[in-house]
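Let me begin by presenting the structure, written as structure tokens, before commenting on it.
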Amino acid sequence: MSMTLYQSDLSPFAGRVRIQIRAKNIAGVAIEKAPGGTGSDEYKRINPTGKIPVLMADGVAIAESQTICDYLEERFPTPSLWPTDLLARAQARMISRATDLYVCGPMFQTTAHASRKTRDQAFVDARLIELKNGLVYIDAYRAKSDLATGRYAIGGALTLADAALAPALFFVNNFVATVFGRDDLMSDAMRGYWDGIQADLHVAPVLQDMGAALAGLRGK
Ligand SMILES: N[C@@H](CCC(=O)N[C@@H](CS)C(=O)NCC(=O)O)C(=O)O
């Protein structure tokens, strides 16, 4: 068995996989940058989208972070990062998917507009409305569930919902808030979740890696 994760420390999608690797204590995954860089012809031969993360598992390239997590979940079933109860599991999956579609989707369309010089402010404003709505959907999913009362997105333990949501919220707080001056996107409930999840044993080091990578980028 050989496994290599092509990734970057800043990517929230890669962060999701690294949280899972830590929480499941999976040994022997080599952590590397994309050969040739993301978007390069060399790397597109591995993943046609040119995006990270990719998990090379026994020579096969698995792309898309949730698909990688699904593979690792099935290959290393314990400890499970999905709730045991099937309805709780469905709710965790709802949060994970809503994070991808309605939070990360609009948020990462704004990265091309980080520079004030080339920014289309109307485009950014529209995406940030979508992003804020995405966070509201997640608040509503959690509020409708009697399983979202503590530190975690759903239930009393870390799940893949947290592995998706926490790195996304890192970007809401450290990219959107600082670059676009928008610190009004999270509700009090989401802020409470964010405050708590940052202290999780497996989430904290990954958020630290993201912070260090962002600081390195800004220092350039
Ligand atoms: N849906 C993909 C998104 C991956 C993604 O957008 N990765 C970004 C980094 S955060 C990337 O590789 N961007 C480089 C590029 O598009 O060339 C997943 O879940 O893995």
Side-chain angles (χ1 to χ4, degrees), residues 3-23 26 29 31-57 60-75 81-82 92-115 118 123-124 127-128 130-131 134 137-138 153 159-180 203 206-218 220:
M3 288 193 290
T4 301
L5 183 68
Y6 293 135
Q7 66 110 43
S8 89
D9 282 355
L10 188 54
S11 165
F13 305 103
R16 161 196 251 164
V17 179
R18 294 204 314 284
I19 289 171
Q20 182 191 33
I21 288 171
R22 283 177 173 276
I26 300 170
V29 182
I31 304 286
E32 293 182 11
K33 296 220 173 306
T38 54
S40 67
D41 287 344
E42 179 183 349
Y43 185 57
K44 281 183 179 168
R45 284 196 282 277
I46 296 170
N47 181 9
T49 68
K51 293 181 192 294
I52 50 160
V54 156
L55 182 75
M56 296 300 300
V60 175
I62 304 171
E64 293 296 318
S65 54
Q66 187 56 61
T67 308
I68 296 169
C69 290
D70 290 344
Y71 171 78
L72 290 175
E73 228 22 61
E74 286 169 1
R75 184 159 173 175
L81 290 190
W82 290 123
R93 286 189 197 278
M94 275 158 56
I95 291 173
S96 172
R97 192 153 168 78
T99 301
D100 281 348
L101 291 176
Y102 308 124
V103 177
C104 291
M107 184 158 59
F108 289 105
Q109 290 181 52
T110 67
T111 53
H113 299 265
S115 165
T118 52
F123 178 88
V124 170
R127 297 295 81 71
L128 296 187
E130 292 173 357
L131 196 174
Y137 304 151
I138 293 170
T159 68
L160 288 176
D162 301 294
L165 185 54
L169 293 183
F170 172 93
F171 263 88
V172 172
N173 282 279
N174 294 284
F175 172 74
V176 174
T178 58
V179 171
F180 301 122
V203 173
V206 170
L207 297 178
Q208 275 162 22
D209 289 348
M210 292 176 76
L214 187 60
L217 207 63
R218 288 190 171 145
K220 276 184 187 165

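Remember, it's 1-based here, ligands and their atoms both numbered in the order they're listed.
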Test side-chain contact (heavy atoms from CB on, under 4.5 Å) applied to D9 and M210, R18, K33, the passing residue: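 It is R18, the one option of M210, R18, K33 that forms the side-chain contact (heavy atoms from CB on, under 4.5 Å) with D9.
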Close side-chain approach of F171 to L10, heavy-atom, < 4.5 Å: yes
Heavy-atom side-chain proximity of L128 to P106 below 4.5 angstrom: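 They are not in contact (no side-chain heavy atoms under 4.5 Å apart), so the answer is no.
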Give the residue, atom name and distance (to 0.1 Å) of the protein heavy atom nearest [atom].
atom	answer
atom 20 (O) of ligand 1	S65 N, 2.9 Å
atom 9 (C) of ligand 1	S11 OG, 3.9 Å
atom 1 (N) of ligand 1	E64 OE1, 2.6 Å

Ligand 1 atoms in contact with P53 (distance to a heavy atom under 4.0 Å): 20 (O)
Point-to-point distance, once rounded to the nearest 0.5 Å, from OG1 of T99 to CG of L165: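 Answer rounded to 0.5 Å: 4.5 Å.
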Mind checking whether [X] has an N or O less than 3.5 Å away from an N or O of ligand 1?
X	answer
T49	no
I52	yes
K51	yes

Exam field: side chain S96 to backbone A92, donor-acceptor pair closer than 3.5 Å: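 Answer holds: no.
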Short side-chain to backbone donor-acceptor contact, D100 and R97, under 3.5 Å: no
